[in-house]
Amino acid sequence: MSATGQRAFGRLDGRRAFVTGGAQGIGAAIAHGFASAGAQVVIADLDIAAGPLLAERIGARAIGLDVSDAATVRAAVGQHGPFDILVNNAGIDQHAFFTETSETDWARLIGVNLVGVLACTQAVLPAMQAAGFGRIINITSEAARLGSKGGAVYSAAKGGVIAFTKSLARENARFGITANCIAPGPIRTPMLEQAVATGGERLLRAMTEATLLRRLGEPEEVASAALFLASDQAGYITGETLGVSGGMGLGG
Ligand SMILES: NC(=O)c1ccc[n+]([C@@H]2O[C@H](COP(=O)([O-])OP(=O)(O)OC[C@H]3O[C@@H](n4cnc5c(N)ncnc54)[C@H](O)[C@@H]3O)[C@@H](O)[C@H]2O)c1
């Protein structure tokens, strides 16, 4: 801590963080980054095999959780909280043109990608408000800002996350709570690998060429943005969406 009471840049010592979908991919990199920065991390993930393995390796805790089930989320946060930092990272996608999607697909995609964010946020907020501090970081997608051919429902849910985050920022500024989004572009994770397995090399080339940097991003490059937004030094940033997408927003 400095004389002003701030931790050193990049440190999260003493902070308690709840990272959803932290068993693999971007969430795992965030959990690892936060734990290395001194935070006490709880990984909440559907995957009850990979979560505990990672948790043990990085000195975190892991719980099995479906973020779209609000009652279970409330109980888990009651049991393992309170938290200073929430990272709403758990997400699922689906590659299909909108006309080929069903109501069941809509419910699933919106249930995890949007309702899951609402459920986890509502569960952690009362304690953050009481403490007068909180950092909420929501992982959305450039698909929300640019649209996505073959990902209409996913983009709708992720766009909802951006709108929700701005409202959260407005409602919670007076409690010392910031709320921001990170919008990744194509990041090398199991989710992306699965998309490429379906869409083939053409999809991979199209995703790469949509970035100015002409490459995929790495999970650690998203984690470093999350670490910054969680830090003491990011206290004057709220309601924003930070693209981590190789300049995708400017067009390829
Ligand atoms: N990889 C990309 O290119 C990319 C791009 C833009 C946005 N994103 C977003 O980043 C986030 C992480 O993506 P990723 O690529 O690491 O995905 P991933 O599929 O590799 O990992 C997602 C993790 O979330 C967990 N999860 C899924 N549904 C869950 C649920 N209902 N409850 C709890 N956990 C659940 C999975 O078990 C998995 O461990 C997602 O929100 C995704 O939409 C990813």
Side-chain angles (χ1 to χ4, degrees), residues 18-33 42-55 62-73 76-77 86-95 107-120 123 137-148 150-151 153-162 164-165 181-199 203-204 206-208 210-211 215-223 225-226 241-246 248-249:
F18 193 67
V19 181
T20 71
Q24 67 177 34
I26 292 170
I30 292 173
H32 191 182
V42 173
I43 293 169
D45 201 295
L46 270 183
D47 186 337
I48 51 167
L53 276 180
L54 175 69
I63 59 171
L65 186 71
D66 178 352
V67 293
S68 65
D69 178 350
T72 311
V73 169
V77 168
L86 167 66
V87 184
N88 280 309
N89 164 80
I92 52 171
D93 69 351
Q94 178 197 26
H95 285 266
R108 205 170 52 87
L109 286 162
I110 292 170
V112 177
N113 293 316
L114 181 56
V115 176
V117 173
L118 306 184
C120 293
I137 300 162
N138 294 330
I139 309 300
T140 175
S141 170
E142 287 293 16
R145 303 200 285 189
L146 303 172
S148 163
V153 184
Y154 174 81
S155 341
K158 292 293 192 181
V161 170
I162 295 179
F164 171 62
T165 305
C181 284
I182 294 174
I187 309 294
R188 200 189 309 273
T189 68
M191 178 188 275
L192 183 128
E193 278 158 21
Q194 207 177 353
V196 169
T198 319
L203 176 66
L204 182 61
M207 287 193 292
T208 308
T211 72
R215 67 170 175 88
L216 299 181
E218 300 299 330
E220 291 71 24
E221 293 178 301
V222 182
T241 298
L242 174 59
V244 180
S245 58
M248 200 176 184

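One-based numbering along the sequence shown. First listed ligand is number 1; within each ligand, the first listed atom is number 1. This is a predicted model, so every value here is computed, not measured.
At a 4.0 Å heavy-atom cut-off, ligand 1 touches K158 through the side chain alone. Contact annotation: for T140 versus ligand 1, heavy atoms closer than 4.0 Å belong to the backbone alone. Counting heavy atoms under 4.0 Å from ligand 1, residue V222 does not touch it at all. Contacts with ligand 1 closer than 4.0 Å are made by heavy atoms of both the backbone and the side chain of P184. Proximity of V112 to ligand 1, defined as any heavy-atom pair under 4.0 Å, is confined to the side chain (atoms from C-beta onward).
Side-chain contact between F18 and L65: present, with at least one pair of heavy atoms (C-beta onward) separated by less than 4.5 Å. Side-chain contact between Y154 and S141: present, with at least one pair of heavy atoms (C-beta onward) separated by less than 4.5 Å. Using a 4.5 Å heavy-atom threshold, the side chains of V161 and N113 count as separate.
Counting atoms of ligand 1 from 1 in the listed order, those under 4.0 Å from a heavy atom of G91 are 27 (C), 40 (C), 41 (O). Below 4.0 Å from some heavy atom of I139 lie the following atoms of ligand 1, by number and element: 9 (C), 10 (O), 11 (C), 41 (O). Close contacts of ligand 1 with D66, meaning ligand atoms under 4.0 Å from a residue heavy atom, involve 30 (C), 31 (N), 32 (N). Residue P186 approaches ligand 1 through these ligand atoms, each under 4.0 Å from one of its heavy atoms: 3 (O). Residue-ligand proximity, L192 to ligand 1, at heavy-atom distances under 4.0 Å covers atoms 3 (O). Atoms of ligand 1 found under 4.0 Å from any heavy atom of L65, numbered from 1 in the order shown, are 32 (N), 33 (C). Near G185, meaning under 4.0 Å from any of its heavy atoms, are these atoms of ligand 1: 2 (C), 3 (O), 4 (C), 5 (C), 6 (C). Of all the atoms in ligand 1, the ones that sit under 4.0 Å from a non-hydrogen atom of Y154 are 6 (C), 7 (C), 8 (N), 9 (C), 42 (C), 43 (O).
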**OP:** May I have the step-by-step check of side-chain contact (heavy atoms from CB on, under 4.5 Å) for Q94 and V153, ending in yes or no?
**Re:** CA-CA 8 Å; Q94 178 197 26; V153 184; 5.6 Å; no

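The shortest non-hydrogen separation linking A76 to I63 is CB-CD1, 3.8 Å. Of all the heavy atoms in T189 and P219, the pair that sits closest is CG2-CG, 4.0 Å. The shortest non-hydrogen separation linking N88 to G116 is OD1-O, 4.2 Å. Shortest non-hydrogen contact noted between S68 and G111 is CB-O, 3.2 Å.
Remark: I182 CD1 to S245 OG distance equals 11.5 Å, nearest 0.5 Å. In this structure, CD1 on I92 lies 4.5 Å from CZ on R108, to the nearest 0.5 angstrom. Taken to the nearest 0.5 Å, the NZ atom of K158 stands 11.5 Å off from the OG1 atom of T241. One distance of note links OG1 of T140 with CG of L242; it measures 12.0 Å at 0.5 Å rounding.
Between D66 and the choices D45, L46, T72, T20, the side chain to side chain contact (heavy atoms under 4.5 Å, CB included) rule is met once, by L46. Considering V222, L216, I139, L192 in turn, V222 is the only one that fulfils the side chain to side chain contact (heavy atoms under 4.5 Å, CB included) rule with I187.
In this structure, the protein non-hydrogen atom closest to atom 12 (C) of ligand 1 is N89 OD1, 3.1 Å. In terms of protein heavy atoms, atom 24 (O) of ligand 1 is closest to G21 CA, 3.3 Å. Given atom 34 (N) of ligand 1, the protein heavy atom at minimum distance is L46 N, 3.3 Å. M191 CB, 3.3 Å is the protein heavy atom nearest to atom 17 (O) of ligand 1. Of the protein's non-hydrogen atoms, Q24 NE2, 2.9 Å is the one closest to atom 20 (O) of ligand 1. In this structure, the protein non-hydrogen atom closest to atom 37 (O) of ligand 1 is D45 OD1, 2.6 Å. The nearest protein atom to atom 35 (C) of ligand 1, hydrogens excluded, is given as A90 CB, 3.7 Å; this is a heavy-atom distance. The nearest protein atom to atom 44 (C) of ligand 1, hydrogens excluded, is given as I26 CD1, 3.8 Å; this is a heavy-atom distance.
Remark: ligand 1 and E142 share no N or O pair separated by less than 3.5 Å (distance only, no angle test). The shortest N or O to N or O distance between A44 and ligand 1 is not under 3.5 Å.
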